[in-house]
Amino acid sequence: MSPREAAARLKDETIERPEFREDEKLAEPARLSETRSEPVAAHAFPAAPAPAAPPAFVPKSPVMTVAYIVAGTLIALTQGLGLSFISTNLQQIAGPMSLTQVETTWLMAAYLFPNASLTLLLFKVRAQYGLRNFAEVAVVVYVLVCLAHFWVDSYHSALVLRFFAGVAAAPMTSLGFLYILEAIPPARKMNIGLCIALTALAIPAPITGLISPTLLDLGDYHALYVVEMGLAMVSLGLVYLLPLNSPHRAKVISSLDVVSYIFLAIALGCFAVVLTVGRLYWWTAADWLALPIIAGIIASAIFAMIELNRRNHLVDIRWLTSREILHFTGALLVFRIALSEQSSGAINFLRNAGMLNEQMAGLYWVILTGSIVSGIVCAAIMKPGRASAIHAVSLLFVAIGSYMDSQSTTLTRPEQMYVSQFLVSFASGLFLPPALAVGMGAALKRGPGYILSFIVVFLTTQKIGGYLGSALYGTFVQWREQFHSFRLVSQLISTDPLVTARLKQFGGAYGKVLADPNQQTAQGATLLARQTQQQAYALAYNDSFLLTAYLSLAALGCLGIHVAWRNRERFLPNSNPVPAAA
């Protein structure tokens, strides 16, 4: 270095150093004041990791935008078919696998145990290890689990594999969501993006009902696994061809997060299992059902103790128990239970009447159409401030559709439910996007760290709420069936001429195969008892549909009262305005 260059460098350092030291001196009192004003107990907790800044949005061409949306929809469909194949085809799977209906339901419970909560931990995993790595590993694991289904040779191995299938499917839900939102401009993510993503998550159930009969005819239940694996392979290729714009990595996972999550997973998993199989064993008849309930309560209490005594929460329980969030959670939970009218009400009613998936294909097309149309309509009308009006219309549609279904009889066929189930399906797609946008906005106002807490609320109301709605529906129908059966049987008197004529008619149908009149009478009595039970089930489902209509109208009334109270200053000039709920 020449003397001239050394002198120039010394001059630059002389100019820069005083300014740097002056900035340090100005910043030091601020740091001292922050340290003095902070409680001493707060230093016992580690500092909260800074959330990774979201990557800048890069506009994509129309072709690439459509490609990302198609990829996200396909990934969401792949994940949804994994569970829908089992839940939609319980009877068709039980026979070839030599299982009872209860044993087949345990395959669903094994899938739901890890799937109910794993998305929460994966939210931090992808932030720490990178979205690209997260996507590639998630899809590869899902493909391997799908491939392993072809080596299942026993019921116990099937249970273990369904457990890992639930683990592998958990990241696929968020992947589909992220791929759809990736191509949407930031200004449209909270309306068009949410509507497309939630519609993609809603269509696997009706699509399963449409394609299952053909697949079962081609290759029994193994054909279901072939389609699932094929879609997973296509998703794997799309993930490598269409990379996600990953934010900067940040260390956001602590050892206490893992401990806290384990107890949360045990709690949600135990509740999911009990709500799935409890009705089949009956709630008070099987003593062992108390064990997972107790385990879930204890795990929930330990999870709450850990989170309430942490500074860097995995889930902020104090925020979740605030008045605004409890109100939001209650609204989502009530609506999710009301939507069980379709999956656990109308579909099960038709199956109980002897309908198979082939005969319900038209109804599945109606449900699929309702989901897609509602997503389009919601994207067009969804704007800030319209959530309450959209929710009111949704609840009204559910009430109308449920009331129409409450007029069903044993002769009702899928064609008579097209209008009512279109309304219910349309209401489902219309309700969720505004609710998710409102909740997400409330979380973002508190800071990026509250996003995970909001995800807990949303997943709990949608997943656990779905299991709860199915359990409540099944329990109510079974209770009302026993009531109606007792009432109908008590009116069947052997001396009644109509009963005698009906027994003779039913017994005469067996005249060509049974010569003994006593045997004919016994078979006629059995057939009459079976038809009486079918009538009782039809009346029980009508009661459940009517209950859903009343529940929707009650929720609509509560919504109207809440909106009127929130805007009471417009009608009462002397009242003090109250800020809107989160």
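No experiment lies behind these values; they were computed from the predicted model shown.
For residues 423-434, the pairs satisfying side chain to side chain donor-acceptor pair (under 3.5 Å) are Ser371-Ser425, with sequence neighbours left out.
With hydrogens and angles ignored, the 3.5 Å screen pairs a side-chain donor or acceptor of Ser544 with a backbone N or O of Tyr541. Under a 3.5 Å cut-off, the side chain of Glu307 and the backbone N or O of Ser260 do not form any donor-acceptor pair. Ser420 contributes a side-chain N or O that, together with a main-chain N or O of Met417, makes up a donor-acceptor pair within less than 3.5 Å. Of the possible donor and acceptor atoms, none in the side chain of Gln407 sits under 3.5 Å from a partner among the backbone N and O of Met404. With hydrogens and angles ignored, the 3.5 Å screen pairs no side-chain donor or acceptor of Ser84 with any backbone N or O of Leu81.
Legend: residues meeting side-chain contact (heavy atoms from CB on, under 4.5 Å) with Ile297, ordered by chain and number and at least two apart, are Phe271, Ile293.
Within the 4.5 Å cutoff, side-chain heavy atoms of Thr475 are placed close to those of Trp282. Counting heavy atoms from C-beta outward, Ile75 and Leu238 have side chains that stay 4.5 Å or more apart. Between Phe303 and Ile306 the shortest side-chain heavy-atom distance does not fall below 4.5 Å. Counting only heavy atoms from C-beta outward, the side chains of Gln101 and Leu280 never approach each other to under 4.5 Å. By the 4.5 Å heavy-atom criterion applied to side chains, Val167 and Val145 are not counted as neighbours. No side-chain heavy atom of Val140 sits less than 4.5 Å from a side-chain heavy atom of Val239.
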Identify all side-chain donor-acceptor contacts of residues 345-365 below 3.5 Å with residues at least two apart in sequence or on another chain.
unit_1	atom_1	unit_2	atom_2	d
Asn348	ND2	Ser344	O	3.2
Arg351	NH2	Thr88	O	3.3
Arg351	NH2	Tyr364	OH	3.4
Asn357	OD1	Tyr364	OH	3.3
Asn357	ND2	Asn89	OD1	3.2
Gln359	OE1	Leu356	N	2.9

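The distance from atom CG of Leu194 to atom SG of Cys378, rounded to the nearest 0.5 Å, is 9.0 Å. Taken from CD in Glu341 to CG in Leu546, the straight-line distance is 11.0 Å, to the nearest 0.5 Å. We find the CE-OG1 distance between Met229 and Thr78 to be 12.0 Å, quoted to the nearest 0.5 Å. In this structure, SG in Cys270 is found 11.5 Å from CG in Leu289, a value given to the nearest 0.5 Å. Rounding to the nearest 0.5 angstrom, the gap separating the CG atom in Asp543 from the CG atom in Leu547 is 8.5 Å.
The nearest pair of heavy atoms linking Pro292 to Val274 is CG-CG2, 3.4 Å. A pairwise comparison of heavy atoms in Tyr179 and Ala71 identifies CD2-CB, 4.2 Å as the closest pair. Across all non-hydrogen atoms, the minimal contact from Trp283 to Gly278 is CZ3-CA, 3.5 Å. Of all the heavy atoms in Leu488 and Leu539, the pair that sits closest is CD1-CD1, 4.4 Å. For the pair Val334 and Ala555, the tightest heavy-atom approach, listed with the atom from each and the gap, is CG1-CB, 4.1 Å. Of all heavy-atom pairs between Ala109 and Val277, the closest is CB-CG1, 4.1 Å.
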Step by step, would you call Leu215 with Phe85 a side-chain contact (heavy atoms from CB on, under 4.5 Å)?
CA-CA 10 Å; Leu215 295 177; Phe85 275 147; 4.1 Å; yes

Please evaluate residues Asp405 and Gln416 with respect to the criterion side-chain hydrogen bond (donor to acceptor under 3.5 Å, both in side chains), reporting the C-alpha separation (whole Å), side-chain torsions for both, the decisive distance (0.1 Å), and the verdict.
CA-CA 9 Å; Asp405 288 339; Gln416 281 82 51; over 6 Å; no

Take Trp106 and Tyr155 through the ring pair (Phe, Tyr, Trp, His ring centres under 6.0 Å) test and state the conclusion after the steps.
CA-CA 10 Å; Trp106 272 104; Tyr155 175 60; 8.8 Å; no

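Between Phe397 and Phe426, a ring centre-to-centre spacing shorter than 6.0 Å is recorded.
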